[in-house]
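Contents: one structure, followed by commentary.
Here the structure is a predicted model, which means the values were calculated and not measured. In what follows, every heavy atom counts, from backbone to side chain, and hydrogens, waters and symmetry copies are set aside.
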There are 2 protein chains.
Amino acid sequence: MARKPTKSGRIRLTEVAKLAGVSPITASRFFRNPEALSASKRQRVESAVKELDYVPNLAARALASHRTEVIGVLIPSLTNNVFSDVLRGIYDGSEGSRYSIQFANTRYSILQEEKLLRLFQAQKPAGLIVTGINQTPESRRIMESMKCPTVQIMEIGPDPVDMMVGFSHYEAAFAAISHLIAQGFQRIGILGARMDPRVQRRLDGYRDAMKAASLFDPRLIVTTPTPTSMTLGGALFADLLSQVPDLDAVFCVNDDLALGVLFECQRRQITVPDAMAIVGFNDMEFMASAVPPLSSVRTNRYEMGRNAITMVTTALEGHRPAEPVVDLGFELMIRQSSTARSA
Amino acid sequence: MARKPTKSGRIRLTEVAKLAGVSPITASRFFRNPEALSASKRQRVESAVKELDYVPNLAARALASHRTEVIGVLIPSLTNNVFSDVLRGIYDGSEGSRYSIQFANTRYSILQEEKLLRLFQAQKPAGLIVTGINQTPESRRIMESMKCPTVQIMEIGPDPVDMMVGFSHYEAAFAAISHLIAQGFQRIGILGARMDPRVQRRLDGYRDAMKAASLFDPRLIVTTPTPTSMTLGGALFADLLSQVPDLDAVFCVNDDLALGVLFECQRRQITVPDAMAIVGFNDMEFMASAVPPLSSVRTNRYEMGRNAITMVTTALEGHRPAEPVVDLGFELMIRQSSTARSA
DNA sequence: CAATCCGTTGGTAGCGCTGTCAATATTTGT
DNA sequence: ACAAATATTGACAGCGCTACCAACGGATTG
């Protein structure tokens, strides 16, 4: 009578323990630290769990342990395909682990990010994955105070909050432009949309590469804060072309824009690459199957997500990586759209 | 001494209550049912919450109330852009509400779906959004036993578990084919990838429309269980063309395939639409900016997500919709790629 | 004027689990 | 063989919140 046997019909840890003939706390340990149990008890608890089809109550667990098994993920956008690849990596990597993912959308606002971080903080997540390295000082303070494994993803930089996985957008853009220059293109424009911090760094890479070759001209830069789209790519290209009629190549800060440019070229009977070279960024699947195949900078988005979640979970198991910053690099995918003009 | 004042440093509801000069339970009611409080107490609690910057402990709340404020979302894939649009609608629609989204990925497997449903069940979500109408009997049983607002999305059909938002894939495909037939095309092929239940229904629509016009020929059907991609579109199109050399139109069960077909046509110097009409499905943004602009069937994916979450949250507030099944319809976007041949 | 009602408030008793630490088995070293 | 160290195990007390029910005061009623 002191303890109602199965009051709500729901199976509790107590029932499992009773069936296994152990104390509840031992049954509890079965989940948290199975190695600490003797083989025989472990067996008994395991089969009791299976027999009763026991599922732990996460709320009770969280309340008692002051922790959750939730990994918070802050990503700026769901619209952008780049992030769905990253998310996919994160979800795939979390499968099979005890952790679940709590995703939230910052909408490219670092203030929104701060707000969400505060919300997460209150719920004591087991780990955290955040996008980029441009957090507000307050956000940084919150993250540091949470003392949970934290990974900044998408780019790398100095002074990580904890860990990082990404690559240098600056260098990737620099490499793309250097390639175009090496192929003999001179009037190389750049098209940019959304202009988040990572896109800005690509722009920096472009600028420095152009300056290094004494090819820089501010009129070659066309950007907009508008979110990216193929249609926008065509429109920006039209703008650029009217400003710079002798344009011979375009670097697009993402592939959507690049494909939009290709179609705009088709519309205007501009041959690619002879009259206009095109290079995109990210190397989405469609780039290789366009006509002509479009050059791009391959970024390892899926791997980034996967790495990030793995770094969090292994850190949670006490194995911190030797090197907290992982550079996943990039690869120049040179295709027909940016090969040297026949001349 | 009976109660440690602020043991962990964390602000609890008790502290708020003390500052407001009310009992903890009254403070608790402030969050759950503010109208039940007198205006003066409500004021006092409100400012205490603000002053202490109180954030409720969701785990404690869930444990005590046997409910959570989490809405579970089951979606088959993150890779497919269609679902990122839906998810975006869901997240946008949940913003500002008290509910948070717990997303999980079924990977197009109804067994995996069942497993995830069982997991959700144990955590007592406030609501549920699931994809499609092809659940296992056991999944259905679980959903019915959960007694929380549930919305099936993406398609509509008879006998909803609870509510539904979607459209008829069968009719959408039927309409697309009827359009092609009306434009004078006769040898109309269909390209299908992934072949999930909704794609199957599009295939059914195709088949019936073709049969109704006495144009059906099984060789016109090329499908694969492989996930969709642009490259795949090109490859499937090549297969189809080798089987049916006199092909004059292709209906693609999604836009990726359609764009792949367009590029394959460019590669083979097949003029679109004169030598080959193309119609896609979903009307992704890029369809309109291709050259020539590609026809497609517009589906309201974002709205579907938004509607679904709204239906759940309003049901949670006790306002069940008069009609549990919402048909969001579709719209034939007829563009140059499927206009009647000049002849 | 007592009986009744309703709107508002508070007390009590857990929700199901785990942290802490003590207690008990088991092994090891000398 | 016995102390010391180490592996296993269990008792107890709560985590922070809310369900349930009782109590209160004032308004309404016959």
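A/Thr150 places a side-chain N or O within 3.5 Å of a backbone atom of A/Cys148 that can act as its donor or acceptor partner. Under a 3.5 Å cut-off, the side chain of B/Thr131 and the backbone N or O of B/Leu74 do form a donor-acceptor pair. Side chain of A/Ser139 to backbone of A/Gln135: no donor-acceptor contact under 3.5 angstrom is found. At distances below 3.5 Å, not a single donor-acceptor pair connects side-chain atoms of A/Glu317 with backbone N or O atoms of A/His319. Panel note: side chain B/Thr68, backbone B/Lys124; a donor-acceptor pair is recorded below 3.5 Å.
Between its opening and closing five pairs, the helix from C/dC1-D/dG30 to C/dT30-D/dA1 changes axis direction by 30°, a value rounded to 10 degrees.
For CZ of B/Arg67, the number of neighbouring non-hydrogen atoms (other residues, nucleotides, ligands) closer than 6.0 Å is 12 at most.
Listed pair B/Ser28 / D/dT18 meets the phosphate criterion, a side-chain N or O lying under 4.0 Å from OP1 or OP2. At D/dT18, none of the side-chain N or O atoms of B/Arg67 fall inside 4.0 Å of OP1 or OP2 (strictly under the cut-off). Taking 4.0 angstrom as the limit, A/Ser38 places a side-chain polar atom (N or O) nearer than this to OP1 or OP2 of D/dT9. OP1 and OP2 of D/dT18 both lie 4.0 Å or more from every side-chain N or O belonging to B/Ser65.
Of the residues near DNA chain C, B/Leu63 and B/Ser40, the one whose nearest nucleotide (by heavy atom distance) lies more toward the 5' end is B/Ser40. Nearer the 5' end of DNA chain D, as judged by each residue's closest nucleotide, is the contact made by A/Lys41, out of A/Lys41 and B/Pro56.
Considering only side-chain atoms of A/Arg32, the nucleotide from D/dT18, C/dG19, C/dG16 that sits closest is C/dG19. Nearest to the side-chain atoms of A/Tyr54 among the listed nucleotides C/dC17, D/dC17, C/dG16 stands C/dC17. Checking D/dT18, C/dT9, C/dG16 against every side-chain atom of B/Leu37, the shortest atom distance belongs to C/dT9. When each of C/dG19, D/dG16, C/dC17 is scored by its nearest atom to the side-chain atoms of A/Ile25, the top-ranked nucleotide is C/dG19. Listed nucleotides: C/dG16, C/dG10, C/dC17. Nearest to the side chain of B/Thr26: C/dG10. Nearest to the side chain of A/Ser23, among C/dC15, D/dG10, D/dA19, sits D/dG10. Of all nucleotides listed (C/dG10, C/dG16, D/dC17), C/dG16 comes nearest to the side chain of A/Ala60.
In this structure, B/Arg42 atom CZ and C/dT9 atom C1' are separated by 14 Å, rounded to whole Å. The nearest whole Å value for the distance from the CZ atom in A/Phe30 to the P atom in D/dG10 is 15 Å. Regarding A/Leu13, its CG atom lies at a distance of 14 Å from the P atom of D/dA11, rounded to whole Å. Rounding to whole angstrom units, CD of residue A/Glu35 and C1' of D/dA7 are separated by 14 Å. One can place NE2 of A/His66 at 11 Å from C1' of C/dC17, the figure rounded to the nearest angstrom. Between the P atom of D/dT18 and the NZ atom of B/Lys124 lies a distance of 17 Å, rounded to the nearest Å. In this structure, CD of B/Glu69 is placed 12 Å from C1' of D/dC17, rounded to the nearest angstrom. Computed from coordinates, the A/Glu15 CD to C/dC15 C1' distance equals 13 Å when rounded to whole Å.
Between the base of D/dG10 and the side chain of A/Arg29 there is a donor-acceptor pair shorter than 3.5 Å.
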Going through the distances and angles, do A/Ser38 and A/Arg42 end up as a side-chain hydrogen bond (donor to acceptor under 3.5 Å, both in side chains)?
CA-CA 6 Å; A/Ser38 63; A/Arg42 192 174 354 175; over 6 Å; no
Between A/Phe31 and A/Tyr54, is a ring pair (Phe, Tyr, Trp, His ring centres under 6.0 Å) present by the stated rule, with each step listed?
CA-CA 12 Å; A/Phe31 290 100; A/Tyr54 169 74; 5.7 Å; yes
